[in-house]
Amino acid sequence: MGREEQIEEREVLDSIFPEEITDVSDTEYRIAVKLNPPDDDDEEAEPPTLVLHVRYPEAYPDEAPILDLSPLPNAPPHPRFSVSADKEQLLKGLEDTIQENLGMAMVFTIVTTLTELAEQLMTERKEAAEREREEALLAAEREENKKFHGTPVTPETFLKWREGFIREMEEQRQREEEERVAELKKAKIKEPARLTGKQLWEGGLAGKGEEDEDEPPTEQVEKLKVAA
């Protein structure tokens with residue numbers, strides 16, 4: 001009975017997958033399963049294809065088929081799917097489907113479930129990559145916004161700012177003084193020196209005001225001369 005069911009299922013599968021199925025023996029064959037990447041995925045990457053190996057045990061379908069997965073020979077790598085890396089997870093994901101369909105032809109159901117699992121993996125990885133990209137953009141935006149919001153003022157931050165401000169003002173004052181002295185030296189300009197008393201006397205500048213104030217009136221001098 002089991003062998004008859006196996007032959008019948010194999011004929012049905014040949015009509016469903018005429019180009020994808022390849023016989024290995026009377027009880028073993030391979031099916032190439034082409035996956036559809038999620039919408040808006042990398043259009044330059046070729047859609048991945050995995051190969052499902054099926055071998056019937058003698059008691060199939062009352063006993064689970066023997067399954068294996070492999071990549072299509074010479075297939076280019078896909079950024080969101082790898083048969084070798086995902087093989088164990090995919091085979092494990094088929095266990096419930098196999099148990100639920102024991103006693104019935106189940107390979108078509110297995111292919112359908114396998115396709116859904118693999119495409120779900122690609123979708124999840126695409127969404128994870130988009131979240132990571134969005135988080136990176138948000139982090140960059142937060143850093144940019146810090147420049148506009150500034151640092152919250154606390155007693156500690158104010159004292160630190162005040163010390164820096166005073167130091168900056170002092171450094172600016174010193175720079176301006178050094179620049180002023182440098183300009184004076186460059187122009188050879190000196191501050192005017194104060195004249196000595198002798199220099200003032202020789203120049204006829206000393207005591208003029210005092211002499212004018214102390215000199216007696218001419219009439220008084222004449223009276224003194226007559227009295228003498």
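Atoms considered below: every heavy atom in the structure, side chains included; atoms not considered: hydrogens, waters and symmetry mates. Please read these numbers as outputs of a predicted model, since none were measured by experiment.
In this structure, the side chain of Asn101 engages the main chain of Thr97 through a donor-acceptor pair within 3.5 Å. Remark: the backbone N or O of Tyr60 is not paired with any side-chain donor or acceptor of Glu5 at under 3.5 angstrom. Looking only at distances, no side-chain donor or acceptor of Thr113 sits under 3.5 Å from a matching main-chain atom of Ile110. Side-chain atoms of Glu28 never come within 3.5 Å of backbone atoms of Asp23 as a donor-acceptor pair (strictly under, hydrogens ignored).
Remark: Arg125 fails to qualify as a cation-pi partner of Phe81 under the 6.0 Å distance and 45° angle criteria applied to the six-membered ring.
Legend: residues meeting side chain to side chain donor-acceptor pair (under 3.5 Å) with Glu119, ordered by chain and number and at least two apart, are absent. Listed by chain and number, the residues in a side-chain contact (heavy atoms from CB on, under 4.5 Å) with Glu116 are Thr112 (sequence neighbours excluded).
Minimum interatomic distance between Leu102 and Asp62 (heavy atoms only, all atoms of both residues): CD2-O, 3.8 Å. Considering all non-hydrogen atoms of both residues, Pro57 and Pro65 come closest at CD-CA, 3.8 Å. The two residues Pro61 and Met106 make their nearest non-hydrogen contact at O-CE, 3.9 Å. For the residue pair Ile98 and Ala64, the shortest heavy atom distance occurs at CG2-CB, 3.4 Å. Listed here is the closest heavy atom pair of Arg3 and Thr27: NH1-CG2, 3.7 Å.
No more than 12 heavy-atom neighbours from other residues, nucleotides or ligands sit within 6.0 angstrom of CD on Glu8. A 6.0 Å sphere centred on CD of Glu132 holds no more than 12 heavy atoms belonging to other residues, nucleotides or ligands. For Glu58, the CD atom counts as loosely surrounded, since its 6.0 Å shell holds 12 or fewer non-hydrogen atoms of other residues, nucleotides or ligands. At most 12 non-hydrogen atoms from other residues, nucleotides or ligands lie less than 6.0 angstrom from CD of Glu88.
Transitive grouping of hydrophobic side chains (ILVMFWY, heavy atoms separated by less than 4.5 Å) brings Phe165 and Phe158 into a common cluster. Grouping the Ile, Leu, Val, Met, Phe, Trp and Tyr side chains by contacts below 4.5 angstrom, directly or via other members, places Leu72 apart from Leu91.
You'll find the side chain of Ile31 reaches within 4.5 Å of the side chain of Val107, heavy atoms only. For the pair Asp26 and Ile7, the minimum side-chain heavy-atom distance is 4.5 Å or more. Between Phe108 and Val12 the shortest side-chain heavy-atom distance does not fall below 4.5 Å. Met169 is not listed as a side-chain neighbour of Arg173, based on a closest heavy-atom distance of 4.5 Å or more. The side-chain heavy atoms of His78 and Pro37, taken from C-beta on, include a pair separated by under 4.5 Å. With contacts defined as side-chain heavy-atom distances shorter than 4.5 Å, the pair Leu114/Leu50 qualifies. The shortest side-chain heavy-atom distance between Leu69 and Val51 does not fall under the 4.5 Å cut-off. In this structure, the side chains of Leu35 and Thr49 stay at 4.5 Å or more apart for every pair of heavy atoms.
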Side chain to side chain contact (heavy atoms under 4.5 Å, CB included) evaluation trace for Lys34 with Thr115: CA-CA 8 Å; Lys34 188 173 184 179; Thr115 303; over 6 Å; no

Stepwise side chain to side chain donor-acceptor pair (under 3.5 Å) check, Tyr56 with Glu9: CA-CA 11 Å; Tyr56 290 142; Glu9 180 182 42; 2.5 Å; yes

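Atom CG of Leu13 is separated from atom CD of Glu20 by 11.0 Å, given to the nearest 0.5 angstrom. Interatomic distance, Leu121 CG to Asp86 CG, rounded to the nearest 0.5 Å: 5.0 Å. Taking CD1 of Ile16 as the reference point, atom CD of Glu11 lies at 12.0 Å (rounded to 0.5 Å). The line from CZ of Arg162 to CZ of Arg167 is 12.0 Å long, rounded to the nearest 0.5 Å.
Salt-bridge annotation for Arg180 and Glu183: absent, with no side-chain N of the basic residue lying under 4.0 Å from a carboxylate O of the acidic one.
Looking at Gln172 and Arg175, their side chains never bring a donor and an acceptor atom within 3.5 Å of each other. No side-chain donor-acceptor contact under 3.5 Å links Gln99 and Glu95.
Tested against Asp68, the residues Arg55, Lys87, Arg30 include a single salt bridge (Lys or Arg N to Asp or Glu O under 4.0 Å) partner, Lys87.
Ring-centre distance between Phe17 and Tyr29: not below the 6.0 Å cut-off.
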